[in-house]
Amino acid sequence: MFNTITTLALRAMSTFYTPQKPIVFSGAGSTRKLADLMIRGGQKRPLLVADSFLIKNGMLDELIAFMESEGCSVTIFDGIIPNPTFAVVEAGLNASRQNNCDAVFVVGGGSAIDAAKVMASASTSKKSLAQLTGFLKVDKPLLPFYAVPTTSGTGSEVTTVAVVSDTETGKKKFFIDPKYIPIATALDTDLLKSLPAPMTAATGMDALTHAIEAYTSRGRLADTDRDAAMAIKLLFEFLPVAFEKGDDLHAREMVALGSFLAGCSFTKAGLGYVHAISHQISAHYDTPHGLANAVILPRVLRFNKPVCASRFASLERMMSEDQSKASDAVLADKFIARVDALAEAVNIPFRLSDLQPSDFGSIAKDALSEARSSYAVPRVMNRNDIYRILDSACSGERDVSFA
Ligand code: NAD
């Protein structure tokens, strides 16, 4: 019943608030083109939100010099932490208000982009951060918002979503509104090539999870299927290359495009239990988002197989260009094995060592609640199913079976 309501709500949101895609610049040096666009648009007092490693390593020196040479007064905020908190957003918001900033330009991973989204909306609103959480709570247009992802995973540069951790409740809070989609983005390989191999792997598997959950969501549409399928193809082909050879700029760009397209698909079609479970795991143990998803994904694929065999089979046909008459069930198994092989190729562990059985109860409760209220899942889980998944992620058993 709830799942049907969620499916209808997602469809209504996609129909009445059709999310626009941002303008996309791509390739080495594209961040400067994005800055140029902002400046031509008349914004001269940007809040530059950046991951601190970018500032410390001088990776944005040229960008800042370019903005200043064009007459900008740049306020730098680099207090971003992974899984950002309300305190981080408040600090950036204060910097924006004190300096009367007229735009937000973010360069960083999903954590930086999400925090910057909320800074951009709170800067123009009288609402508190708590009042801005939830669906369609943005009452004023954001400060003009530009985003440069330095990871290829979350798709935040194209999504309607921002995620901020509430340290008081130990939960992740969602801000969901089409206004959070940036005006424009740059998939800049100069900034992506420094991402270490383990982060490349985990964030790339996050993007793959987005695409698969969107492709199997009951909220999917023709365009989300197209974007998700393209994302899956790109990620299977290029993630292992970017993992092995971080300075292969073509592979980096294709993975970034895969992540962008996965973002386009899930921001309309929605996600599923991989995210519902992994969000709680990250909230409990601060596990990197991509890693939590990557470990949970194979288990949820096995759970969904009885109702998703034809969807998995169509992805397998696309990947293998297999025109044989093999049954959907056989091809679905091959697709799941293909996901396992990709995870192995990029060294994703089978288990999450932080998981504590004493936390399973609250993780399961919150995961069921998140899925019920937010996702049009293809097959509904119960508490025991989530326990099975958490047990197997604890022990490292991947071939988990369900009653
Ligand atoms: P992240 O932004 O937390 O970054 C992880 C680490 O990698 C950080 O220490 C960061 O400084 C570092 N890093 C980033 N880019 C780098 C680079 N090029 N070179 C070297 N180091 C680099 O990781 P993430 O996976 O991109 O983002 C996770 C966050 O995004 C979570 O809070 C998650 O809930 C959220 N999320 C948001 C959406 C959305 O649609 N808005 C979707 C999925 C996840």
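Read the numbers this way: they start at 1 and go in the same order the structure lists the ligands and their atoms. Everything quoted here is computed from the prediction, not taken from an experiment.
Contacts between Leu195 and ligand 1, counted as non-hydrogen atom pairs separated by less than 4.0 Å, involve both the backbone and the side chain.
Between His210 and ligand 1 there is a heavy-atom distance shorter than 4.0 Å. Heavy atoms of Phe266 approach ligand 1 to within less than 4.0 angstrom.
Note: an N/O pair closer than 3.5 Å links Thr151 and ligand 1 by distance alone. Considering backbone and side-chain atoms alike, Gly290 places every N or O at 3.5 Å or more from each N or O of ligand 1. Looking at Asp114 next to ligand 1, an N or O pair under 3.5 Å apart turns up.
The heavy atom nearest to atom 8 (C) of ligand 1, considering only Gly246, Pro82, Ala112, Pro196, is found in Pro82.
Atom NZ of Lys33 has 12 or fewer heavy atoms from other residues, nucleotides or ligands within 6.0 Å. Counting heavy-atom neighbours within 6.0 Å of Arg45 CZ, excluding the residue itself, gives a total above 12. Heavy atoms from other residues, nucleotides or ligands lying under 6.0 Å from CE of Met59 number more than 12.
For the side-chain hydrogen bond (donor to acceptor under 3.5 Å, both in side chains) test with Arg252, the passing option among Asp188, Asp190, Asp247, Thr200 is Thr200; the others fail.
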Tabulate below the donor-acceptor pairs under 3.5 Å that side-chain atoms of residues 79-92 make, not counting sequence neighbours, or state none.
unit_1, atom_1, unit_2, atom_2, d
Asn83, OD1, Lys172, NZ, 2.8
Asn83, ND2, Asp286, OD1, 3.0
Thr85, OG1, Val88, N, 3.4

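Residue, atom and distance of the protein heavy atom nearest to atom 13 (N) of ligand 1 are Phe53 CE2, 3.5 Å.
The aromatic rings of His275 and His210 lie parallel to each other, their planes meeting at an angle below 30°, with 60° marking the opposite boundary.
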